[in-house]
Visitor: 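Once you've had a glance at the structure underneath, I'll fire off some questions.
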Amino acid sequence: MSQGTLIVVAGPTASGKTAFSIRMAKALHTVIVSADSRQFYKEMQIGTAAPTSDELLEVKHYNIHNISINDTYTVADFEKETIALLEQLFQVHATVILTGGSGLFIDAVCQGIDPMPDITTEVRQKVGQQYREGGLSALQQAVQSLDPEYYASVDIQNPRRLQRALEICYQTGMTFSSFRKRQSEPRNFNIIKLALLWERDLLYDRIDRRVDQMMGQGLLEEARRLYPLRHLNALNTVGYKELFAFFDGQCTLEEAVAQIKLNTRHYAKRQMTWFRKDHGYNWFQPEAFEEALQYVHSKI
RNA sequence: GGUACCGUAGCUCAGUUGGUAGAGCAGAGGACUGAAAAUCCUCGUGUCACUGGUUCGAUUCCCGUCGGUACCA
């Protein structure tokens, strides 16, 4: 079994992960695996700031534009496929780069995710209906009686968390807690974690500029093409949902663009919260590439 | 020039029948194992435009000043 090294390049949106990773991949003569929860959708290109076709030619990328927004694709699928992929890549590369802004997806690759049964559409719909009819309190009561252990620790204001727990309860007749082992899956590769560090104001400026760039590249047209599919989960995404609101007449185009910038900043903030709490990350200024490379070499 | 209304948190505004004030947004911090670019939680002291008056006490009432808006000339 190969004992390769996975180099994680994380950071908030618009922090320059793509360029940084390409440089790193070239220096190490290897490839890039994306850990981004939107860039794998082939229908969404401009709004997800996926690598450009030129960039894709520079370095071989995986997990980019390989899924359709019509597919249901979860973190668990992502973890399974990416681990299998890494297995292959480490046959030929001593190091592989994992780049992305989705903390949950990165963690799934690095630590694994507890195996859980699939949820049928019937169960999913049942839970959805329960929420629609009974509201948050109905979910809270159900979780409290079906899985008191989870109820005691979960954020009971968060309908998503409660719904997920109920889905598992209904699907299996067992508690959600009983599946949540939260044990790290041993991986047969080493992991080095890097994150890109920006001063908040500068990052926000970059976000604003990048949104303008996206509009210049035809984000409006891309969104208009996808508008008929707007109810798909994959399209509940910054850069698209705001333009859908404009198409619906809920705001002006100018307001929609401003909202994209704002929501992107909020997203970046949440990403930083996620990465900050993981003390395994080593933070580097984007211009400190050589320093980062040196650090990587010292760890391999 | 006259009249009316407005001037309160970074922004939009609410409010105090006189006892020094609070929402939304922004911003900050946080949570988060199959919808995660999703979803959710926490955090609000500011010369209540300025000056003087009435009052035990004024951001609140009154006079004036300045700024804004509207209408009339």
Side-chain angles (χ1 to χ4, degrees), chain A residues 11-15 17 34-41 44 46-50 67 69 71-82 100-121 123-125 127-128 131 136 139-140 150 153-168 171-172 176-185 200-201 203-204 207 210-211 214 219 223 231-244 255 258-278:
Chain A
T13 190
S15 58
K17 293 186 293 294
S34 167
D36 187 289
S37 70
R38 291 292 125 103
Q39 290 182 359
F40 45 57
Y41 290 119
M44 303 159 72
I46 299 170
T48 58
I67 304 287
I69 54 175
D71 300 332
T72 51
Y73 193 69
T74 68
V75 212
D77 299 321
F78 176 84
E79 183 239 11
K80 203 174 145 209
E81 288 179 19
T82 301
S102 309
L104 179 66
F105 283 61
I106 294 172
D107 289 354
V109 172
C110 294
Q111 290 142 48
I113 193 165
D114 293 323
M116 297 206 193
D118 292 335
I119 306 298
T120 61
T121 23
V123 168
R124 185 111 192 226
Q125 280 169 359
V127 174
Y131 181 41
L136 189 63
L139 299 179
Q140 290 170 339
Y150 186 59
S153 66
V154 71
D155 171 8
I156 60 169
Q157 299 298 322
N158 192 329
R160 279 286 161 75
R161 297 278 117 72
L162 298 173
Q163 285 179 95
R164 169 67 182 152
L166 283 181
E167 284 171 1
I168 291 290
Q171 187 68 235
T172 65
F176 181 50
S177 316
S178 64
F179 290 94
R180 278 165 50 92
K181 305 279 188 273
R182 302 186 66 88
Q183 278 172 352
S184 273
E185 188 75 19
R200 191 70 61 99
D201 290 351
L203 184 68
Y204 285 4
I207 286 172
R210 194 175 68 176
V211 171
M214 286 176 175
L219 180 59
H231 297 301
L232 291 175
N233 174 64
L235 289 173
N236 185 189
T237 296
V238 173
Y240 297 88
K241 57 182 175 182
E242 299 85 355
L243 291 174
F244 296 158
E255 287 165 344
Q259 201 59 40
I260 292 174
K261 292 176 179 173
L262 182 61
N263 288 338
T264 305
R265 291 198 286 269
H266 289 166
Y267 172 48
K269 193 170 175 296
R270 274 177 273 133
Q271 289 175 299
M272 286 188 275
T273 298
W274 186 293
F275 297 130
R276 251 192 316 240
K277 79 166 175 187
D278 182 341

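Sequence lines set the chain letters: A, B, ... in the order given, protein chains first and strands last, and positions in each chain run from 1. Since we're looking at a predicted model, the values are computed, not measured.
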Visitor: Using Watson-Crick or G-U wobble geometry with both distances below 3.5 Å, tell me the partner of B/A73, or none.
Guide: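 By the stated definition (distances under 3.5 Å), nothing pairs with B/A73.
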Visitor: Starting at CH2 of A/W274 and ending at C1' of B/A38, how long is that distance when rounded to a whole Å?
Guide: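 Between C1' of B/A38 and CH2 of A/W274: 11 Å.
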Visitor: Looking only at side-chain atoms of A/T74, point me to the closest of B/A35, B/C41, B/G29.
Guide: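 Looking only at side-chain atoms, A/T74 lies closest to B/A35.
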Visitor: Could you tell me whether A/S102 contacts a base, only the sugar-phosphate backbone, or nothing, with contacts defined as non-hydrogen atoms closer than 4.0 Å?
Guide: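 It contacts sugar-phosphate atoms only.
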Visitor: Pick the C1' atom in B/C5 and in B/U45, then give their distance to the nearest Å.
Guide: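 B/C5 and B/U45 have their C1' atoms separated by 29 Å.
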Visitor: Could you tell me the Watson-Crick or G-U partner of B/C43, where both distances fall under 3.5 Å? Say none if there is no partner.
Guide: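 Across all strands, the one nucleotide that pairs with B/C43 is B/G27.
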Visitor: Using atom C1' in both nucleotides, what's the gap between B/U65 and B/U55 to the nearest angstrom?
Guide: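 Approximately 23 Å lies between the C1' atom of B/U65 and that of B/U55.
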Visitor: Rounding to the closest angstrom, what is the interatomic distance between B/A14 and B/C25 at atom C1'?
Guide: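 One C1' to the other, the span is 14 Å.
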Visitor: Should the side chain of A/R161 and the base of B/A38 be counted as holding a donor-acceptor pair, with the cut-off at 3.5 Å?
Guide: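 Flag set: donor-acceptor pair detected.
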Visitor: Say we look at B/C66 and B/G44: how far apart would their P atoms be, to the nearest angstrom?
Guide: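 The answer is 39 Å between these two P atoms.
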Visitor: With both distances under 3.5 angstrom, what nucleotide forms a Watson-Crick or G-U wobble pair with B/U60?
Guide: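 Matched B/U60 with nothing under the 3.5 Å cut-off.
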Visitor: B/G30: syn or anti, with syn meaning chi within 90° of zero?
Guide: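 Anti, since the glycosidic angle lies more than 90° from 0.
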Visitor: Whole-Å distance between B/U33 P and A/E167 CD?
Guide: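 My rounded result for the distance is 16 Å.
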Visitor: Does a side-chain N or O from A/R160 land closer than 4.0 Å to OP1 or OP2 of B/A38, or not?
Guide: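 So the side-chain polar atoms of A/R160 never come under 4.0 Å of the phosphate oxygens OP1 or OP2 of B/A38.
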Visitor: When both hydrogen-bonding distances must be under 3.5 Å and the geometry is Watson-Crick or G-U wobble, what is B/C5 paired with, if anything?
Guide: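 Here B/C5 is engaged in a pair, and the nucleotide opposite it is B/G68.
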Visitor: When the C1' atoms of B/A70 and B/U60 are considered, how many whole Å apart are they?
Guide: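 25 Å, rounded to whole Å.
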Visitor: Taking only side-chain N and O atoms of A/R164, does any of them lie within less than 4.0 angstrom of OP1 or OP2 on B/A36?
Guide: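 So the side-chain polar atoms of A/R164 never come under 4.0 Å of the phosphate oxygens OP1 or OP2 of B/A36.
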Visitor: State whether A/Y204 places a side-chain N or O below 4.0 Å from either non-bridging phosphate oxygen (OP1 or OP2) of B/A28.
Guide: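 A/Y204 to B/A28 OP1/OP2: side-chain N or O found under 4.0 Å.
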Visitor: Please state the P separation for the pair B/A9 and B/G15 - nearest whole angstrom.
Guide: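 Those two atoms are separated by 15 Å.
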Visitor: Calculate the interatomic distance between A/D155 atom CG and B/U33 atom C1'; express it in whole Å.
Guide: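 Spelled out: CG on A/D155 to C1' on B/U33 is 15 Å.
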Visitor: Between B/C72 and B/G53, how many Å separate the two C1' atoms, rounded to a whole number?
Guide: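 32 Å, rounded to whole Å.
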Visitor: Using a cut-off of strictly less than 4.0 Å, decide whether A/H266 has a side-chain nitrogen or oxygen near OP1 or OP2 of B/A26.
Guide: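 Answer yes for this pair, as a side-chain N or O of A/H266 is under 4.0 Å from OP1 or OP2.
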Visitor: Please say whether more than 12 non-hydrogen atoms of neighbouring residues, nucleotides or ligands are located less than 6.0 Å from NZ in A/K80.
Guide: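 Open.
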Visitor: Measuring to OP1 and OP2 of B/A35, would you say a side-chain N or O of A/R124 lies under 4.0 angstrom away?
Guide: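 Looking at the OP1 and OP2 atoms of B/A35, one of them is under 4.0 Å from a side-chain N or O of A/R124.
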Visitor: Indicate whether the side chain of A/R38 and that of A/S102 have a donor and an acceptor atom separated by less than 3.5 Å.
Guide: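 The answer is no; no qualifying pair exists.
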Visitor: Taking the side chain of A/R200 as its heavy atoms from C-beta onward, which of B/A38, B/G29, B/C40 lies nearest to it?
Guide: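 Nearest to the side chain of A/R200 among the choices is B/G29.
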Visitor: Taking only residues two or more places apart in sequence, or in another chain, which ones meet A/Y204 in a ring pair (Phe, Tyr, Trp, His ring centres under 6.0 Å)?
Guide: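 Per chain and number, A/Y204 pairs via ring pair (Phe, Tyr, Trp, His ring centres under 6.0 Å) with no residue.
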Visitor: Considering Watson-Crick and G-U wobble pairs with both distances under 3.5 Å, what does B/C32 pair with?
Guide: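 Pairing partner: none.
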Visitor: Using a distance-only criterion (donor-acceptor N/O pair, under 3.5 Å, no hydrogens), is the base of B/G30 paired with the side chain of A/K277?
Guide: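 It does not, because no donor-acceptor pair links the side chain of A/K277 to the base of B/G30 below 3.5 Å.
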Visitor: In residues 176-184 of chain A, which residues come under 4.0 Å of RNA chain B by heavy atom?
Guide: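 Nucleic-acid contacts, sorted: A/F176, A/R182, A/Q183.
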Visitor: Tell me whether the side-chain N/O atoms of A/N233 come closer than 4.0 Å to OP1 or OP2 in B/A36.
Guide: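 Looking at the OP1 and OP2 atoms of B/A36, one of them is under 4.0 Å from a side-chain N or O of A/N233.
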Visitor: Would you call the rings of A/F40 and A/Y73 parallel, tilted or perpendicular if under 30° counts as parallel and over 60° as perpendicular?
Guide: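 Because their plane-to-plane angle is over 60°, the rings of A/F40 and A/Y73 count as perpendicular.
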Visitor: Please state the P separation for the pair B/C11 and B/G18 - nearest whole angstrom.
Guide: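 Straight-line distance between the two P atoms is 29 Å.
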Visitor: How is A/L262 classified with respect to the nucleic acid when contacts are heavy atoms under 4.0 Å: base, sugar-phosphate, or nothing?
Guide: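 Answer is sugar-phosphate: A/L262 comes under 4.0 Å of backbone atoms only.
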Visitor: May I ask you to say what A/G47 touches in the nucleic acid, namely base, sugar-phosphate or nothing, with a heavy-atom cut-off under 4.0 Å?
Guide: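 A/G47: base contact, heavy atoms under 4.0 Å.
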Visitor: Which part of the nucleic acid, if any, lies within contact of A/Q163, taking any heavy atom under 4.0 Å across all strands shown: a base, the sugar-phosphate backbone alone, or nothing?
Guide: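 Counting heavy atoms under 4.0 Å across all strands, the contact made by A/Q163 includes a base.
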